[in-house]
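Scroll down for the structure; my scribbles are underneath it.
Read the numbers this way: they start at 1 and go in the same order the structure lists the ligands and their atoms.
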Amino acid sequence: MYYILISGPAGSGKSTLVKSLGEWMEDHQMDVVRVNFDPAAEVLPYTPDVDVRRYVNARDLMIKHGLGPNGAMIASVDYLVNYVIDIRNEVEELRANYALVDLPGQLEVIAFRRLGPVIIKELVRGYKSAMVFLVDVRLAAEMSSALSITLLALSTLYRLELPLTLALNKIDLITADLSNPDELSATLKNNVNLMKLLEDTHSCVELALSTVFVDPEISENLCKIVKDAFSEVIPLSAKEGYGIDSLYAATQRVLAGGEDFLTEEPSGFY
Ligand SMILES: Nc1nc2c(ncn2[C@@H]2O[C@H](COP(=O)(O)OP(=O)(O)O)[C@@H](O)[C@H]2O)c(=O)[nH]1
Ligand SMILES: [Mg+2]
C-alpha cells in the first residue's frame with residue numbers, strides 16, 4: 001500500500017481532490033481507502049472509509065471545553081496523538097493499493113506545531129508515501145504570491161519530510177476550455193506567475209525587481225531556491241477532473257520510480 005497525503009491551505013481543494021483522484025483510481029482498477037484526517041471537517045464531497053472524527057471531533061471539543069475554532073483545532077491534533085495507531089490499523093485492515101489522506105487545511109497545526117509532523121510520520125511509518133501540495137490558482141497569479149506559496153510548500157516539506165508534488169488547482173477558473181492543450185498552456189503561462197517562476201529562466205530577475213521591502217538579491221536567491229526545489233507544477237481541476245492522470249503519474253514517479261503499483265505487493269511494506 002502507498003499513502004498519498006493531500007495537503008495545502010484551507011480551501012485549496014483537498015477534499016474535492018480526494019473525491020476525484022479516488023474515483024479516477026477506482027476507474028483504473030485500484031483499491032482506494034479515503035481517509036478524512038480533518039477533525040474539523042463539516043461536509044465532505046466523498047464518503048470516508050476511515051474518519052478521524054470517529055476519534056476526535058473539533059466541534060465536540062468546542063462545545064465541551066468552550067473553545068473557539070482555532071483552539072479546538074489545536075486541541076484536536078493534540079488528542080489525535082492518542083489515536084493515530086488506531087487510525088493506522090483501520091487503514092491497514094482495508095488492504096487497499098492506496099490510502100488517500102485528506103489533511104486539515106490549517107497547515108499550522110499539521111506542519112508547524114510540534115505534534116502535527118509526529119502524527120503524520122506515525123500514520124505512514126513503514127509505507128512509501130507521497131504528498132501533494134495544492135495551490136489555488138488565484139494564489140499563484142502574482143509573482144510575490146507565487147513565491148510565498150512555494151516557500152510555504154517548502155516549509156511543509158521540511159517539517160513533514162515526505163516527497164512533495166506541487167499541483168495548481170482550480171485552473172477551470174482561468175480558462176473556459178480545458179480541452180485545448182496549446183491554448184491552456186498559453187493561458188497558464190500568461191496569467192499564472194507560478195508557472196513562469198518555475199519555468200522561465202528570467203523570472204527571478206523580474207521577481208527581484210518587483211519586490212518592494214525585500215532586498216532584490218534576497219528575492220532573486222529565494223526564487224532560484226524554489227525553482228531548484230520544485231521542477232514542475234501539475235495543472236489541475238479537481239472539480240472538473242482535469243489533470244488527474246498527470247498528477248497520478250507524478251506521484252507514481254515518486255512512489256514507485258515510475259513502476260505501476262501492480263508490480264508491488266498490494267498491501268506490502270517496503
Ligand atoms: N472552480 C473550482 N472550484 C474548486 C475546485 N476544487 C475545489 N473547488 C471548490 O473550492 C472550495 C473548497 O474546496 P475543498 O475541497 O473543500 O477545499 P479544502 O478546504 O482544501 O478541502 C469548494 O467550494 C470546492 O467546490 C476546482 O478544481 N475548481
Ligand atoms: Mg477539506
message: At less than 4.0 angstrom from any non-hydrogen atom of L173, what atoms of ligand 1 do you find?
response: 1 (N)
Closest protein heavy atom to atom 12 (C) of ligand 1, given as residue, atom name and distance to 0.1 Å: G11 O, 3.7 Å
query: Does ligand 1 have any atom sitting under 4.0 Å from a heavy atom of S12?
result: yes
- prompt: For atom 18 (P) of ligand 1, is some protein heavy-atom partner under 4.0 Å away?
  reply: yes
message: What I'd like to find out is whether the side chain of L247 reaches to under 4.5 Å of the side chain of L17, using heavy atoms alone.
response: yes
field: Options T16, D136, V137, ranked by nearest heavy atom to atom 7 (C) of ligand 1, top entry
entry: T16
query: Starting from atom 10 (O) of ligand 1, which protein heavy atom do you reach first, and at what distance in Å?
result: K170 NZ, 3.0 Å
message: Would you say the Mg ion (ligand 2) has T16 as a near neighbour, meaning an N/O/S atom of that residue under 2.8 Å away?
response: no
D102 and K14: CA distance, side-chain angles, deciding distance, salt bridge (charged side-chain N to carboxylate O under 4.0 Å, His left out) verdict: CA-CA 6 Å; D102 188 5; K14 296 176 291 299; 5.9 Å; no
- prompt: Under 4.0 Å from any heavy atom of S237, which atoms of ligand 1 are there?
  reply: 27 (O)
- line: Near N169 (heavy-atom distance under 4.0 Å), the atoms of ligand 1 are 5 (C), 6 (N), 27 (O)
message: Protein non-hydrogen atoms only, distance under 4.0 Å: does atom 5 (C) of ligand 1 have such a neighbour?
response: yes
field: Sidechain N-carboxylate O distance under 4.0 Å for E161, K121
entry: yes
query: Should R253 and E232 be marked as a salt bridge (charged side-chain N to carboxylate O under 4.0 Å, His left out) after you check the CA-CA gap, both sets of side-chain angles, and the distance that decides it?
result: CA-CA 13 Å; R253 282 194 291 278; E232 63 171 350; 3.1 Å; yes
task: Check the angle between the aromatic planes of Y79 and H65 and answer parallel, tilted or perpendicular using the 30° and 60° thresholds.
output: parallel
task: Evaluate the ring planes of Y127 and Y3, with Trp represented by its six-membered ring, and classify them as parallel (under 30°), tilted (30 to 60°) or perpendicular (over 60°).
output: perpendicular
task: Determine whether the side chains of N82 and Y55 contain a donor N or O and an acceptor N or O closer than 3.5 Å.
output: no
- prompt: Which of the atoms of ligand 1 are close to S15, meaning less than 4.0 Å from one of its heavy atoms?
  reply: 15 (O), 21 (O)
message: Regarding ligand 1, does A10 bring an N or O atom to under 3.5 Å of one of the ligand's N or O atoms?
response: no
- request: Check whether any N or O atom of K14, backbone or side chain, sits under 3.5 Å from an N or O atom of ligand 1, and answer yes or no.
  value: yes
- request: Among all protein heavy atoms, pick out the one at the shortest distance from atom 26 (C) of ligand 1; state its residue, atom name and that distance to 0.1 Å.
  value: K239 CB, 3.3 Å
field: Any N/O pair G13/ligand 1 closer than 3.5 Å
entry: yes
field: Whether over 12 other heavy atoms sit under 6.0 Å from E142 CD
entry: no
message: Suppose we measure from atom 1 (N) of ligand 1 to each protein heavy atom; which comes out shortest, and what is that distance?
response: D172 OD2, 2.8 Å
- prompt: Could an N or O of ligand 1 be found under 3.5 Å from any N or O of D102, whether backbone or side chain?
  reply: no
message: With a 3.5 Å distance limit and no angle check, can you tell me whether T175 reaches the backbone of L178 through a side-chain donor-acceptor pair?
response: no
- request: Report yes or no: does R53 contribute a side-chain atom to a donor-acceptor pair with the main-chain N or O of A40 at less than 3.5 Å?
  value: no
query: Quick one: does S203's side chain have a donor or acceptor within less than 3.5 Å of a partner on L197's backbone?
result: yes
